[in-house]
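Notes follow once the structure below has been shown.
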Amino acid sequence: MEHAEQVSNGDLVRAAEEIAAAADQIAKFFERYDLWLTPTLAQAPPPLGVLNRSVGSAAGWWNYDLEFNPWCPIANVAGSPSASLPLCVNAEGLPIGSMLTAAYGQESLLLQVCGQLEAASPWAERRP
């Protein structure tokens, strides 16, 4: 709330313009590639409760989240469908997500590839 009170209408308009420009850049990527593969997160899964804490401010949380979760916001800005697939596990047996992202409106392609990956390496019975 305190952070929002400091944001002007002009700031909001500029932010919306920047988001639209970023979405355009992301759309250009998908003119050449069908899917984008990234890790789901930039770190191994933290212990339960670690993310349920205050870091002092909205800007502080944003910076903290970007260190932990840098790729999901990109898909969100573009409106791109994404799926996190538990294709790998770390040494402790915790799932490590692989995130596939498709172009805006390409949910069908994304789900087809996800189905193929799950058929090739089923994960429904895996338990950490």
Side-chain angles (χ1 to χ4, degrees):
M1 293 284 297
E2 291 170 3
H3 179 74
E5 290 172 351
Q6 299 171 20
V7 178
S8 71
N9 290 342
D11 292 337
L12 290 175
V13 169
R14 281 187 291 284
E17 290 169 345
E18 289 177 14
I19 288 172
D24 287 344
Q25 290 176 345
I26 295 164
K28 288 179 182 160
F29 172 87
F30 288 112
E31 290 173 4
R32 183 167 182 189
Y33 301 101
D34 294 324
L35 296 167
W36 182 36
L37 174 65
T38 65
T40 300
L41 301 172
Q43 302 170 15
L48 190 62
V50 167
L51 297 177
N52 188 22
R53 65 185 177 97
S54 174
V55 292
S57 67
W61 179 259
W62 177 254
N63 291 329
Y64 174 76
D65 186 55
L66 283 179
E67 291 177 14
F68 179 74
N69 179 26
W71 296 284
C72 295
I74 296 169
N76 290 340
V77 163
S80 298
S82 295
S84 178
L85 308 172
L87 299 178
C88 302
V89 294
N90 67 10
E92 292 79 32
L94 295 174
I96 301 297
S98 299
M99 189 168 90
L100 278 176
T101 301
Y104 178 84
Q106 292 298 314
E107 289 85 354
S108 178
L109 169 65
L110 178 66
L111 292 172
Q112 288 174 18
V113 172
C114 289
Q116 291 170 1
L117 289 167
E118 184 174 15
S121 181
W123 56 74
E125 301 302 319
R126 286 193 215 151
R127 299 289 181 262

Can L35 be reached from L37 by stepping across I, L, V, M, F, W or Y side chains whose heavy atoms are under 4.5 Å apart? yes

Verify same cluster id: I26, I19 (apolar side-chain graph, 4.5 Å): no

Determine whether a donor-acceptor pair (N or O, by modelled atom type, separation under 3.5 Å) exists between the side chain of R126 and the backbone of P86. yes

Can you give me the closest heavy-atom contact between [X] and [Y], atom names plus distance?
| X | Y | result |
| --- | --- | --- |
| D11 | R14 | OD1-NH2, 2.8 Å |
| A42 | P70 | CB-CD, 3.6 Å |
| Q43 | E67 | NE2-O, 3.6 Å |
| A102 | L110 | CB-CB, 4.1 Å |
| P73 | L66 | CG-CD2, 4.2 Å |
| A78 | A23 | CA-CB, 4.1 Å |

What's the separation between atom [atom1] in [X] and atom [atom2] in [Y], rounded to the nearest 0.5 Å?
| X | Y | atom1 | atom2 | value |
| --- | --- | --- | --- | --- |
| I74 | Q25 | CD1 | CD | 10.5 Å |
| Q112 | Q106 | CD | CD | 9.5 Å |
| M99 | S84 | CE | OG | 8.0 Å |

Where does the angle between the aromatic ring planes of W61 and Y64 fall among parallel (under 30°), tilted (30 to 60°) and perpendicular (over 60°)? tilted

Side chain to side chain contact (heavy atoms under 4.5 Å, CB included) test vs T101 passes for just one of Y33, F30, W71, namely F30

Are there over 12 heavy-atom neighbours, none belonging to [X], within less than 6.0 Å of that residue's [atom1]?
| X | atom1 | value |
| --- | --- | --- |
| W62 | CH2 | no |
| D24 | CG | yes |
| Y104 | OH | no |

Report yes if some heavy atom in the side chain of [X] is under 4.5 Å from a heavy atom in the side chain of [Y]; otherwise report no.
| X | Y | result |
| --- | --- | --- |
| P39 | I96 | no |
| L100 | L85 | yes |
| W36 | S80 | no |

